[in-house]
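Sequence lines set the chain letters: A, B, ... in the order given, protein chains first and strands last, and positions in each chain run from 1.
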Number of protein chains: 2
Amino acid sequence: MTSTIDYDPYETLCHDCRLVESCLPYGLAKNELKQFATMVKSKPPILSDQYLYRQDDEGRSLYVVKTGSFRGFISSTDGAEQTIGFYLPGELMGFDAFQHGRFTSSSIALETSKVCELPLSQLNELCRLIPSLQTQMLRVLGKEIESDHNQILLLGHRSAKEKMAIFLLKLSHRYNALGFSKTEFNLTMKRQDIANFLGITNETVSRLLTELHQQGIIAINRRNIKINNMNALKVLVEDCY
Amino acid sequence: MTSTIDYDPYETLCHDCRLVESCLPYGLAKNELKQFATMVKSKPPILSDQYLYRQDDEGRSLYVVKTGSFRGFISSTDGAEQTIGFYLPGELMGFDAFQHGRFTSSSIALETSKVCELPLSQLNELCRLIPSLQTQMLRVLGKEIESDHNQILLLGHRSAKEKMAIFLLKLSHRYNALGFSKTEFNLTMKRQDIANFLGITNETVSRLLTELHQQGIIAINRRNIKINNMNALKVLVEDCY
DNA sequence: CGTTGCTTTGATTGGTGTCAACTTATGTGG
DNA sequence: CCACATAAGTTGACACCAATCAAAGCAACG
């Protein structure tokens, strides 16, 4: 499967990166950005289904998605999983290692993906030197927390249909923010992943997508989805966003 | 109703505070702690049902619970609420204002409570001066994120009974960490609050508590709860923790 | 004491999960 | 290139957990 997100085939430094506006160093002065860039470690691409990091691994870095997408999840001791989020380009992963230096979740690539690695030791040091980076750091942490809160809101008080609609709208919004179509995109995750993320079963996901398709609100073929009636989706949610 | 948590009737500085080991400045050297303490603003006690802060308010401070307890929640545009957490002494509130300088959740006192206020501007400055404070800051942020992830796990994949058991076990654990009994304590929140937090209805909460009572696993009278059989509760959860 | 808000209990309904069968896509080896 | 195995996705029948609606019990408080 080819990725819908593959606009950066060559290695670039931060100041050339088209993600810079949504990434951590947003708002830094030119010389600061240059300094920031020296810290960034590049890694070989992560293939589909490969782990970026595993729960309980030592966590010494943050990671930013450069291309591709990831799925973050927690495993219970019995092997049951809960997907806590999907990560698209420009989004950060690995905050959960801040507490004890070990990841409390795992991250796995949904397709061939590239990341920028930010070693925490250097990031901390740089935050002291560059106040606006410190501010920006707290800002993305706040964003992460707010995003988690929204997920709690979604899981706690929404019907399966509302959850599905919210999921699609949010994905649309995020793709749009990255400069892609907000009405047509490829789902990089399996039905099962969506189901797990929303706290429902894959059968229910399948049924709901079929239903939305039959109502003409979306058109879906395998992983390709087209939103025909954005408003109808919003009506389903009514007031969540 | 009298609080179960009322061991600090007099104003104290950080170095005298019995919460210091679980609070933000944990691990700071004596002189650093002194410096930290000068930043702490004391506030008049918050009475029951009073807001500490409201969603969309400007957020320029973090707050630490000194005595009492709070309920944090998000409101949708239609007025529906989702409780995102309960806060006991030593726990921090207000991280969600990091993103845009405004709270994305509200916090309300469940009983007469006291908080320490930490102005963000000074906290940021101090983090630059005291590296171990910076580390500690990231640690509590990591803890907050992990806690949110656990809540997502709970809401996504647990039956009502499991949710209830997890809620009680977690509360027991937190009270114990504060030096209180882990088998007997008062619930400072209403059934409705618990229900909302767990994503179920208050009727279900009531039924489950009654059921656990009849099975002899707990003894509950209004807000007072006694856990008679901790193991039985853990068996209900099996593998979550 | 009467009002009020919180809690409990009961009867009924419906949304999702569960189980199972089938279809479709992908990949492998002969 | 085909036969086969495997995984992903769809669809249907049925069961059950928890929501909903309704009403009564119970503590707090003026």
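One atom, CG of Leu209(B), and another, P of dT7(C), lie 10 Å apart when rounded to the nearest Å. What separates NZ of Lys190(A) from P of dT6(D) is a distance of 16 Å, to the nearest Å. In this entry the distance linking CG of Asp193(B) with C1' of dT7(C) reads 13 Å, nearest Å. Rounded to an integer number of Å, the gap from CG of Asn202(A) to P of dT10(D) is 10 Å. Atoms CG (Leu208(B)) and C1' (dC17(D)) sit 11 Å apart, rounded to a whole Å. Separating the NE2 atom of His157(B) from the P atom of dA18(D) is a distance of 15 Å, rounded to the nearest angstrom. For His213(A) and dG9(D), the NE2 to C1' distance is 14 Å, given to the nearest whole Å. Per the geometry, CZ belonging to Arg207(B) stands 11 Å off C1' belonging to dC17(D), to the nearest Å.
Within the structure, a side-chain polar atom (N or O) of Thr201(B) is placed less than 4.0 Å from OP1 or OP2 of dA19(D). Between Ser206(A) and dT11(D) there is no side-chain polar atom (N or O) within less than 4.0 angstrom of OP1 or OP2.
Each of Ser159(A) and Arg222(A) lies near DNA chain C, and the nucleotide nearest Ser159(A) is the one positioned closer to the 5' end.
The residue Ile200(B) sits close only to the backbone: its heavy atoms come under 4.0 Å of sugar-phosphate atoms, none of a base. Nucleic acid contact class of Thr204(B) (heavy atoms, under 4.0 Å, all strands): sugar-phosphate only.
Using a 4.0 Å cut-off between a side-chain N of Lys or Arg and a carboxylate O of Asp or Glu, Arg71(B) and Asp193(B) qualify as a salt bridge. Electrostatic pairing of Arg191(B) and Glu203(B) does not count as a salt bridge here, judged by no charged N lying under 4.0 Å from a carboxylate O.
A side-chain N or O of Ser69(A) and one of Thr188(A) form a donor-acceptor pair less than 3.5 Å apart.
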Trace of the salt bridge (charged side-chain N to carboxylate O under 4.0 Å, His left out) decision for Glu91(B) with Arg174(B)
CA-CA 10 Å; Glu91(B) 296 176 344; Arg174(B) 285 156 80 193; 2.9 Å; yes
Evaluate ring pair (Phe, Tyr, Trp, His ring centres under 6.0 Å) for Phe86(B) paired with Phe197(B), printing each intermediate quantity in order.
CA-CA 9 Å; Phe86(B) 299 104; Phe197(B) 180 61; 5.1 Å; yes
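Closest contact between the side chain of Arg191(A) and the listed nucleotides dG9(D), dT8(C), dT16(C) involves dG9(D).
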